[in-house]
Protein chains: 2
Amino acid sequence: MSRHSYHIDIESVFEGVCGLFPNLKPEEREIIRNNITCQFYRKGEIIYKEGDVPQGLVCLSKGKVKLYKEGVGGRDQIVRMAKPIGFIGYRALFADENYSATAEALEDAVVCIIEKEAFMGILRNNAELTLHILKSVATELGFSTNRTVTLTQKHIRGRLAESLIFLRDTYGFEDDGKTLKVYLSREDLANLSNMTTSNAIRTLSGFADEGVIELDGRRIKILDQYRLERISDLG
Amino acid sequence: MSRHSYHIDIESVFEGVCGLFPNLKPEEREIIRNNITCQFYRKGEIIYKEGDVPQGLVCLSKGKVKLYKEGVGGRDQIVRMAKPIGFIGYRALFADENYSATAEALEDAVVCIIEKEAFMGILRNNAELTLHILKSVATELGFSTNRTVTLTQKHIRGRLAESLIFLRDTYGFEDDGKTLKVYLSREDLANLSNMTTSNAIRTLSGFADEGVIELDGRRIKILDQYRLERISDLG
DNA sequence: CTCAAATTATGCTATCAAACATAAAATTAA
DNA sequence: TTAATTTTATGTTTGATAGCATAATTTGAG
């Protein structure tokens with residue numbers, strides 16, 4: 001963990017962010033350039049909280065972030081896992097609402113914010129860009145609806161297997177081609193899969209006993225992807 | 001139920017649809033006018049199926065529609081309840097995907113379709129309209145995420161109470177100010193609330209015994225909104 | 001109208017997952 | 001380092017909800 005503040009190369013962060021937008025005009029790039037601010041967050045720090053007012057479009061330039069909602073009985077539900085380079089918190093911004101989830105850094109992270117009105121001004125004059133974003137949000141709505149069904153209908157093993165597959169698809173593997181490139185606590189894994197921590201631990205051990213995965217602390221190695229997918233599909 | 005095809009006043013349907021869009025230019029209205037087709041569906045008929053390819057923007061002009069996904073173990077999950085005048089199936093259209101849910105008429109319904117390319121052409125040149133739609137979809141994504149949490153974390157009574165409140169907010173009351181203006185089977189109510197039909201029947205009877213609602217076949221009269229909301233909030 | 005099918009109702013049983021308890025191991029702080 | 005705290009692990013109990021069975025009622029088709 002870095003002791004003092006981390007050096008942020010704003011120029012490269014800016015280029016990274018712009019790379020997410022299709023066909024920006026020079027004057028639009030300039031507006032973004034003049035309305036972007038960066039910030040460093042250490043592992044475990046909160047980037048924004050459920051209920052906060054969005055100040056702009058938040059871009060995750062470095063580090064992984066979990067987004068979660070506080071559940072009815074204290075149990076959190078992770079609703080999204082973000083990776084760099086990508087946006088977080090845009091749903092609330094575009095819906096003109098307060099944040100509906102809390103964003104927490106899972107690793108040291110660099111985040112930049114494009115000031116709200118500057119960005120919305122670009123959108124109001126760029127239908128292509130707005131349509132591009134609409135497509136992303138519509139795709140995400142599809143994921144969310146699917147998730148509702150699987151989280152409510154699959155059994156514990158199916159839900160956990162699906163989460164592992166989801167993590168594989170989101171973050172990929174380490175160089176060995178087997179170890180998930182994300183290191184979550186059992187509690188986070190539980191909150192992602194809608195189960196208690198004990199059940200996440202138990203079920204994970206079960207998968208390990210069956211030889212589907214291998215565990216080493218928070219390292220999860222997927223040994224048998226086919227069987228994992230079958231467990232997920234069968235519910 | 002009308003025996004033969006129902007007479008559809010295309011002109012008024014067209015005006016109804018355009019009323020959902022802000023500030024349409026005359027030439028845009030003209031494009032829509034020339035690319036709209038109408039169809040009548042009887043109660044119980046399928047408007048489109050999960051997996052079908054969207055042919056355009058579908059507008060529900062008359063009648064109520066349920067949208068559901070087939071669940072893992074045969075149990076369906078209702079993901080949206082649509083009312084006139086409003087759109088259905090737009091998520092798939094904007095995400096450029098096949099439909100992710102099936103749309104079924106709960107009553108005799110009139111539906112019109114604005115041909116896909118004609119409509120997308122308008123969007124590509126109208127950032128204000130696209131932004132307006134983006135806002136709607138972002139708002140709906142918020143609902144969907146909320147729903148995931150409540151459906152997974154609330155107990156049966158809380159889920160059913162929430163569904164009744166949702167139906168009240170969506171369809172409102174009959175003239176008596178108490179009877180829900182939508183008549184669902186117990187199975188639909190169960191599929192909306194993520195529970196078995198038996199449990200929907202049982203829990204509904206429980207609410208009636210407690211004097212929170214009054215039942216008369218599919219008529220549901222909400223007698224005590226405050227208590228119903230408390231049941232929903234407590235989970 | 002008459003019969004068949006679907007829906008609603010209710011009781012009983014089985015089971016999955018939560019809750020609780022305890023302890024070992026790992027991490028963090030002093 | 002040691003002590004405190006958090007995380008992980010595992011066993012047992014409890015409880016909510018699904019599953020099944022049966023019957024009454026309603027709806028719809030012919």
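Order of the sequence lines fixes the chain letters, A, B, ..., with proteins taken first and strands second; residue numbering starts at 1 for each chain.
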Margin query: B/Ile222 vs B/Phe207, test: side-chain contact (heavy atoms from CB on, under 4.5 Å). Steps then yes/no.
Written below: CA-CA 10 Å; B/Ile222 298 183; B/Phe207 288 171; over 6 Å; no

Next item on the list: Assign the ring pair A/Phe94 / A/Tyr90 to parallel, tilted or perpendicular, where the plane angle (0 to 90°) is split at 30° and 60°.
Entry: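 Correct class here is tilted.
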
Next item on the list: Could you check B/Leu184 against B/Arg202 and say which one's nearest nucleotide on DNA chain C is further toward the 5' end?
Entry: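 Closer to the 5' end of DNA chain C: B/Leu184.
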
Can you measure [X] atom [atom1] to [N] atom [atom2] for me and round it to whole angstrom units?
X: A/Asp216; N: D/dT8; atom1: CG; atom2: P; answer: 12 Å
X: A/Asp188; N: D/dT8; atom1: CG; atom2: C1'; answer: 14 Å
X: B/Leu215; N: D/dT25; atom1: CG; atom2: C1'; answer: 15 Å
X: A/Glu187; N: C/dT27; atom1: CD; atom2: C1'; answer: 15 Å
X: A/Asn191; N: D/dT7; atom1: CG; atom2: P; answer: 12 Å
X: A/Arg186; N: C/dA25; atom1: CZ; atom2: P; answer: 15 Å
X: A/Leu204; N: D/dT7; atom1: CG; atom2: C1'; answer: 13 Å
X: A/Ile201; N: D/dT10; atom1: CD1; atom2: P; answer: 9 Å

Notebook entry, point to check: What bend angle does the helix from C/dC1-D/dG30 to C/dA30-D/dT1 show across its length, from five-pair end axes and to the nearest 10 degrees?
Noted result: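 Computed from the C1' atoms at both ends, the axes differ by 50°.
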
Answer yes or no: does a side-chain N or O of [X] lie under 4.0 Å from OP1 or OP2 of [N]?
X: A/Ser185; N: D/dT7; answer: no
X: B/Asn199; N: D/dT17; answer: no
X: B/Arg218; N: C/dT8; answer: yes

Note to self: Measuring from atom CG of A/Leu160 to atom CD1 of A/Ile213, what distance do you get when rounded to the nearest 0.5 angstrom?
What the structure shows: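 Rounded to the nearest 0.5 Å, the CG-CD1 separation comes to 7.0 Å.
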
Next item on the list: Measure the CG-NZ distance between B/Asp224 and B/Lys178 for me, rounded to the nearest 0.5 Å.
Entry: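 Atom-to-atom, B/Asp224:CG and B/Lys178:NZ are 9.0 Å apart.
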
Note to self: Counting only heavy atoms and a strict 4.0 angstrom limit, can you tell me which residues of residues 154-165 of chain A come near DNA chain C?
What the structure shows: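 Hits under 4.0 Å, by residue number: A/His155, A/Ile156.
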
Margin query: Run the salt bridge (charged side-chain N to carboxylate O under 4.0 Å, His left out) test against B/Arg157 and tell me which residues pass, sequence neighbours left out.
Written below: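 Checked B/Arg157 against salt bridge (charged side-chain N to carboxylate O under 4.0 Å, His left out); matches are B/Glu210.
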
Check: Out of B/Arg219, B/Glu174, B/Glu214, which one pairs with B/Thr179 under the side chain to side chain donor-acceptor pair (under 3.5 Å) rule?
Finding: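 When side chain to side chain donor-acceptor pair (under 3.5 Å) is applied between B/Thr179 and each of B/Arg219, B/Glu174, B/Glu214, only B/Arg219 qualifies.
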
Next item on the list: Let me know which of A/Thr150, A/Thr145, A/Asn146 forms a side chain to side chain donor-acceptor pair (under 3.5 Å) with B/Lys69.
Entry: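 The passing option is A/Asn146.
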
Next item on the list: Determine, for A/Arg202 against A/Asp209, whether the closest basic-nitrogen to carboxylate-oxygen distance falls under 4.0 angstrom.
Entry: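 A/Asp209 and A/Arg202: not salt-bridged.
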
Notebook entry, point to check: Under 4.0 angstrom, heavy atoms only, what part of the nucleic acid is A/Ser205 near: base, sugar-phosphate, or nothing?
Noted result: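 Since only primed, P, OP1 and OP2 atoms lie under 4.0 Å of A/Ser205, the category is sugar-phosphate.
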
Margin query: side-chain contact (heavy atoms from CB on, under 4.5 Å) for A/Ile220 and A/Leu189? Distances and angles first, verdict last.
Written below: CA-CA 11 Å; A/Ile220 298 176; A/Leu189 227 32; 3.8 Å; yes

